[in-house]
Amino acid sequence: MLDLEVVPERSLGNEQWEFTLGMPLAQAVAILQKHCRIIRNVQVLYSEQSPLSHDLILNLTQDGITLLFDAFNQRLKVIEVCELTKVKLKYCGVHFNSQAIAPTIEQIDQSFGATHPGVYNSTEQLFHLNFRGLSFSFQLDSWTEAPKYEPNFAHGLASLQIPHGATVKRMYIYSGNSLQDTKAPVMPLSCFLGNVYAESVDVLRDGTGPSGLRLRLLAAGCGPGVLADAKMRVFERAVYFGDSCQDVLSMLGSPHKVFYKSEDKMKIHSPSPHKQVPSKCNDYFFNYFTLGVDILFDANTHKVKKFVLHTNYPGHYNFNIYHRCEFKIPLAIKKENAGGQTEICTTYSKWDSIQELLGHPVEKPVVLHRSSSPNNTNPFGSTFCFGLQRMIFEVMQNNHIASVTLYGPPRPGAHLRTAELP
Amino acid sequence: MNETMATDSPRRPSRCTGGVVVRPQAVTEQSYMESVVTFLQDVVPQAYSGSPLTEEKEKIVWVRFENADLNDTSRNLEFHELHSTGNEPPLLVMIGYSDGMQVWGIPISGEAQELFSVRHGPVRAARILPAPQLGAQKCDNFAEKRPLLGVCKSIGSSGTTPPYCCVDLYSLRTGEMVKSIQFKTPIYDLHCNKRILVVVLQEKIAAFDSCTFTKKFFVTSCYPCPGPNMNPIALGSRWLAYAENKLIRCHQSRGGACGDNIQSYTATVLSAAKTLKSGLTMVGKVVTQLTGTLPSGVTEDDVALHCNSRRSPLVPGIITVIDTETVGEGQVLVSEDSDSDGIVAHFPAHEKPVCCMAFNTSGMLLVTTDTLGHDFHVFQILTHPWSSSQCAVHHLYTLHRGETEAKVQDICFSHDCRWVVVSTLRGTSHVFPINPYGGQPCVRTHMSPRVVNRMSRFQKSAGLEEIEQELTSKQGGRCSPVPGLSSSPSGSPLHGKLTSQDSYNNFTNNNPGNPRLSPLPSLMVVTPLAQIKQPMTLGTITKRTGPYLFGAGCFSIKAPCKVKSPPQISPSKSMGGEFCVAAVFGTSRSWFANNAGLKREKDQSKQVVVESLYIISCYGTLVEHMIEPRPISTAPKISDDTPLEIMTSPRASWTLVRTPQWNELQPPFNANHPLLLAAEAVQYYQLLLAGSLPPGSPGPITRHGSYDSLASDHSGQEDEEWLSQVEIVTHTGPHRRLWMGPQFHFKTIQTSGQTTVISTSSSVLQSHGPSDTPQPLLDFDTDDLDLNSLRIQPVRSDPVSMPGSSRAVSDRRGVSTVTDAASGTFDRSVTLLEVCGSWPEGFGLRHMSSMEHSEEGLRERLADAMAESPSRDVVGSGTELQREGSIETLSNSSGSTSGSIPRNFDGYRSPLPTNESQPLSLFPTGFP
């Protein structure tokens with residue numbers, strides 16, 4: 001059974017790890033995976049049709065803990081302990097919930113001190129006792145005289161009326177004063193872990209299409225010696241098509257991984273290796289997982305060829321690989337009356353609305369199955385790729401954009417060559 | 001064939017430039033296939049016997065391969081999209097003579113062409129300056145004069161300055177001198193890229209803007225080196241690395257060199273690895289990696305020594321990498337007070353002074369050598385966008401040359417960064433295999449023509465990465481629970497408090513993703529697979545080693561370094577004793593030399609794994625060496641991890657050395673001189689990029705057309721073009737994706753409030769599901785997901801499962817892998833269903849039926865496993881036909897437009913066999 005320290009308005013955790021409000025989803029998942037022998041049966045709950053309408057929920061079913069992540073920024077918004085019998089809890093190092101100690105109203109009072117009177121919610125039949133960044137719910141359904149606990153009773157001092165021995169049904173940790181209005185806080189310094197995150201990514205464009213990215217980066221120092229004076233830094237950096245590796249490394253730092261594109265996969269089955277047509281191309285990706293961005297470099301010139309931006313919607317094959325990239329893409333709209341008008345496409349735009357903006361349907365898509373990696377199939381179904389203004393939008397079946405690939409202008413030499421041919 | 005070549009004079013005047021043309025000479029008469037079998041040639045190469053011996057040659061002082069506009073594949077329009085057709089950039093060779101210098105271009109055809117030749121006194125350094133990068137504020141002051149040649153001569157332009165103290169910039173177009181930069185002290189070397197011109201002086205570096213040649217920044221804190229390179233630097237596309245004379249702790253990057261002074265290479269590398277005395281931040285980390293083998297006393301010594309070295313004014317072996325774009329103007333000072341703007345990395349690389357260094361082609365790796373020349377270090381620089389102290393420097397390889405002292409004069413990388421060639425002043429070129437990401441070079445990494453990813457399919461599917469990470473993090477974690485082990489390093493005031501070490505370990509524990517914080521990769525020691533010597537150095541050896549050597553030709557000795565190498569001839573000082581050589585990788589040009597009459601395509605069908613290695617010696621002979629890696633012959637069984645050995649064989653040679661009879665070849669040149677054409681092309685390209693080209697202005701060469709026509713072409717083609725640009729796999733996916741379980745189960749919240757099981761199994765949990773969800777969670781398999789057939793099967797000994805769970809998990813997932821030996825390894829899904837525990841009554845029937853189905857499926861699958869087919873459809877026989885089509889589609893690769901149209905996108909998902917990474921099928925629909 002997990003034995004966890006409660007820090008109101010901040011976190012729930014132990015010496016090895018903690019779930020901190022504002023923590024990105026991938027990090028919470030990484031913690032859970034790290035402790036997969038202890039924490040099992042985690043449910044990931046999301047809305048398939050409208051992933052932005054519901055919080056993204058990690059439900060630790062065996063430990064009675066639910067983590068609610070903001071559907072937009074995918075950072076931890078509320079930590080809920082829904083079954084207190086499955087977990088030990090302490091506050092300031094002292095247990096207030098364990099097998100021996102029942103989390104009664106008296107125990108809460110003793111551990112956390114006084115607070116405002118509780119609030120009774122008659123529809124839920126729950127009595128809420130609120131501290132800053134921390135709420136307890138007491139279930140009253142075992143009492144038949146529920147109306148007695150109307151908030152107005154006895155000058156609003158309803159808390160006095162909570163019967164002795166009432167135990168906590170649920171506990172919430174959140175940011176701010178009110179559970180209803182809470183928002184996921186900005187990412188705490190402890191979550192940076194030396195990584196660089198992007199607050200926003202603007203696609204820069206010229207006359208013909210995208211030319212590069214302007215990223216607003218967040219970074220915080222970490223490591224021995226740096227901890228004490230760690231502070232978050234915000235700075236803007238830009239990368240363009242044709243930049244060299246060193247340009248990109250200077251601007252964005254080193255990537256998390258480098259991925260070499262493999263050659264045509266089917267050729268390996270040819271009986272003779274000499275059958276392979278020579279291909280010198282071995283382009284490689286820089287994977288910036290925390291930025292949600294991939295950068296493809298040309299094998300011969302080591303210059304930037306493509307950018308790929310990922311939205312990390314649940315229900316996509318690559319879910320939880322990349323951090324969500326909050327991009328803004330200006331799209332050129334060609335309408336009769338308006339000249340060079342642009343509209344902004346964001347991470348949260350839906351493809352049908354973009355098509356409406358464009359005023360014309362985009363030609364038929366390419367269908368991606370992503371079905372056949374080893375030992376799995378893709379249960380999420382296919383995605384569709386649409387090409388538009390030197391960008392390729394990968395669209396999921398719920399019309400949300402899964403990724404955007406930006407590619408540079410075609411090399412000038414190519415056309416001329418083909419044009420020269422008799 | 002060789003007869004014809006011998007009678008044919010290899011040298012004739014060029015019609016185009018007026019310079020000399022030299023044709024390649026076949027070095028061996030053996031056929032390609034024969035040479036694979038025979039290990040060493042016993043033929044006297046034509047190059048040496050054939051050339052007239054009586055001819056007097058000029059004395060060569062230095063040789064170098066140059067990168068200029070002429071062979072700039074990224075900016076020279078000539079090379080765009082032409083790689084497939086064999087239009088490779090030419091090699092550009094510069095030769096410095098005791099009087100003057102010479103420039104050669106060797107195009108893919110193999111006919112070396114003299115491009116420039118002067119006799120105006122000794123030249124210390126020369127560079128053909130690339131056309132500068134243009135920008136909003138940057139315009140080229142010398143646009144009409146380019147290409148420019150930067151020269152450091154003994155007699156400067158003014159004539160009054162001391163020798164070698166002046167850089168003169170000559171226009172190769174007009175022949176005039178356009179700029180002269182004077183210095184007070186002699187110049188050692190010149191470097192340039194499209195942004196800056198770097199002049200290397202004694203303990204100083206001065207950088208000049210490439211457009212205006214005004215001073216940009218300068219460095220005065222270089223550590224001197226005895227030579228041959230008195231002040232070694234490396235200039236990448238953006239970064240400048242130099243040897244700093246001190247270590248400034250607040251800017252120091254994590255990592256840096258470890259493993260110097262390795263005594264025994266047979267012992268494990270780690271046991272001997274020792275962190276560098278001159279300073280390091282992560283002592284604790286390194287030590288914990290080595291705990292058990294490293295006596296703690298060593299670390300204390302290190303610390304003590306370190307304190308001393310800190311007091312002493314000059315610390316050898318420190319490298320600083322600066323960003324030439326952000327470093328600003330004026331003096332670059334790395335000090336406690338300065339902020340870290342423009343400093344990319346700052347780390348100890350060697351204990352001895354650094355002697356030579358070079359970036360690889362992408363600029364992520366830096367190879368450094370020290371004055372001893374025993375071991376060369378390969379560092380991977382993992383930058384942080386704003387601070388050098390957050391940057392990590394991973395010491396990936398120690399390239400072990402040998403135990404004798406040697407001075408390094410040249411380092412070169414193959415284009416894919418899998419081979420490094422380090423040439424010493426003895427004239428020997430050492431060929432090392434490396435990987436850009438570290439790790440053991442082996443059959444898997446070096447026998448394929450393309451760079452493979454770090455993780456093989458096997459490693460990935462076995463989850464080896466995770467295991468590795470777990471192991472290293474556990475080792476690191478040992479630091480905290482056992483204070484005795486960590487106290488010595490962490491307790492020292494230099495290395496922070498124990499708590500910070502602790503938290504550092506926590507970082508690495510919970511954060512495997514950050515490459516800068518991940519545990520240092522284990523250091524590999526690599527010995528050269530070949531040592532290619534210059535024939536002249538061997539003149540005296542020949543007798544002693546007798547049968548293994550041949551004549552005076554270039555040859556290679558496969559060098560198992562542990563074995564006694566052939567007797568080293570100490571170069572006699574009187575002879576000079578030092579042999580300037582330079583090496584570069586390039587596409588083979590020997591083909592024409594050896595197969596004059598045949599068509600090239602035939603040869604190209606054979607894929608070359610390694611580019612040819614070109615080495616030019618101080619005798620002016622350029623030799624192409626073929627490099628063929630193969631599994632080590634002593635290996636009993638060849639697997640992916642089998643170590644390599646290589647065959648090298650000289651293929652062709654060009655005698656480029658000038659004789660006093662040759663005429664000079666000086667500008668002004670014809671308009672069709674290759675250097676001029678190249679400069680025009682690149683300048684034009686830069687103007688296009690900068691957008692400053694007036695619309696409709698003609699390009700430098702009419703066949704390039706104008707910008708306008710390009711733009712219009714482009715809009716017309718866009719519609720079809722995007723298909724080929726679809727990127728499907730962009731990363732190495734994890735062994736198991738989150739939604740594959742078993743720890744995580746994906747459920748969707750329907751708008752109605754229902755929850756659908758998407759992945760896995762434990763539907764029974766539903767009834768005990770979280771009571772907080774507003775509506776009760778309902779479980780139903782969506783038909784379109786076809787879950788039962790997707791479900792993969794039954795490992796009872798699921799390592800993650802916990803015995804205590806009282807709620808029956810009735811239906812576990814697991815993977816059963818069947819390897820089809822004939823076609824490579826492909827995981828196959830086998831569906832079994834295990835029913836245990838208690839089913840809620842409502843579910844019983846459905847699951848029973850699915851079990852039945854799956855048993856049937858299993859039989860079917862097993863049957864299929866026997867068949868030749870490399871893969872099969874889990875979904876069912878209905879899709880079998882479509883698979884044929886999809887294979888076709890895939891073989892078209894990267895989303896070309898042809899291919900089948902699946903009848904039903906949603907229902908169709910077939911696992912296709914693929915190699916390596918995440919595969920997928922791509923189904924373009926309805927395109928013309």
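Every chain is numbered from 1 and lettered A, B, ... according to where its sequence line falls, protein lines coming before strand lines.
Here A:Val29 is the residue among A:Val29, A:Val308, A:Thr405 with the most heavy-atom pairs under 4.5 Å with chain B. Contacts with chain B were tallied for A:Arg233, A:Gln246, A:His310; A:Gln246 has the most, counting heavy-atom pairs under 4.5 Å. Ranking B:Thr326, B:Thr730, B:Leu382, B:Thr383 against chain A, the residue ahead of the rest is B:Thr730, based on heavy-atom pairs under 4.5 Å.
Looking at A:Glu394, neither its backbone nor its side chain comes within 4.5 Å of chain B, counting heavy atoms on both sides. Looking at B:Thr361, both its backbone and its side chain come within 4.5 Å of chain A, counting heavy atoms on both sides. Looking at A:Tyr284, the atoms closer than 4.5 Å to chain B (heavy atoms on both sides) all sit in the side chain, from C-beta outward. For a residue to count as touching a neighbouring chain, one of its non-hydrogen atoms must lie under 4.5 Å from one of that chain's; by this rule A:Asp247 touches chain B with backbone and side chain alike. Residue contact with chain B, scored on non-hydrogen atoms closer than 4.5 Å, is absent for A:Phe297. At a 4.5 Å heavy-atom cutoff, A:Pro51 makes no contact with chain B through either its backbone or its side chain. Residue A:Asn318 touches chain B through both its backbone and its side chain, counting heavy-atom pairs closer than 4.5 Å. For A:Leu249, the parts lying under 4.5 angstrom from a heavy atom of chain B are both the backbone and the side chain. With a threshold of 4.5 angstrom between heavy atoms, A:Leu296 approaches chain B through side-chain atoms but not through N, CA, C or O. In this structure, chain B has heavy atoms under 4.5 Å from both the backbone and the side chain of A:Ser250.
Between A:Asp298 and A:Lys305 there is a salt bridge, with a side-chain nitrogen of the basic residue lying less than 4.0 Å from a carboxylate oxygen of the acidic one. Under 4.0 Å is where a charged nitrogen must lie from a carboxylate oxygen, and between B:Glu727 and A:Lys261 at least one such pair does. Taking the charged nitrogens against the carboxylate oxygens, A:Lys303 and A:Asp243 have no contact shorter than 4.0 Å, which rules out a salt bridge.
Of the inter-residue distances, the one linking A:Ser211 atom OG with A:Leu406 atom CG reads 9.5 Å to the nearest 0.5 angstrom.
Panel note: side chain A:Arg237, backbone B:Pro385; a donor-acceptor pair is recorded below 3.5 Å. B:Gln743 places no side-chain N or O within donor-acceptor distance of the main-chain N or O of A:Asn41, the cut-off being under 3.5 Å.
Judged purely by distance below 3.5 Å, without hydrogens or angles, the side chains of B:Ser74 and A:Thr301 never pair a donor atom with an acceptor atom. Side chain to side chain, A:Tyr317 and A:Ser382 fail the donor-acceptor criterion of an N or O pair below 3.5 Å.
Under the 30°/60° scheme for interplanar angles, the aromatic rings of A:Phe386 and A:Phe384 are found to be tilted.
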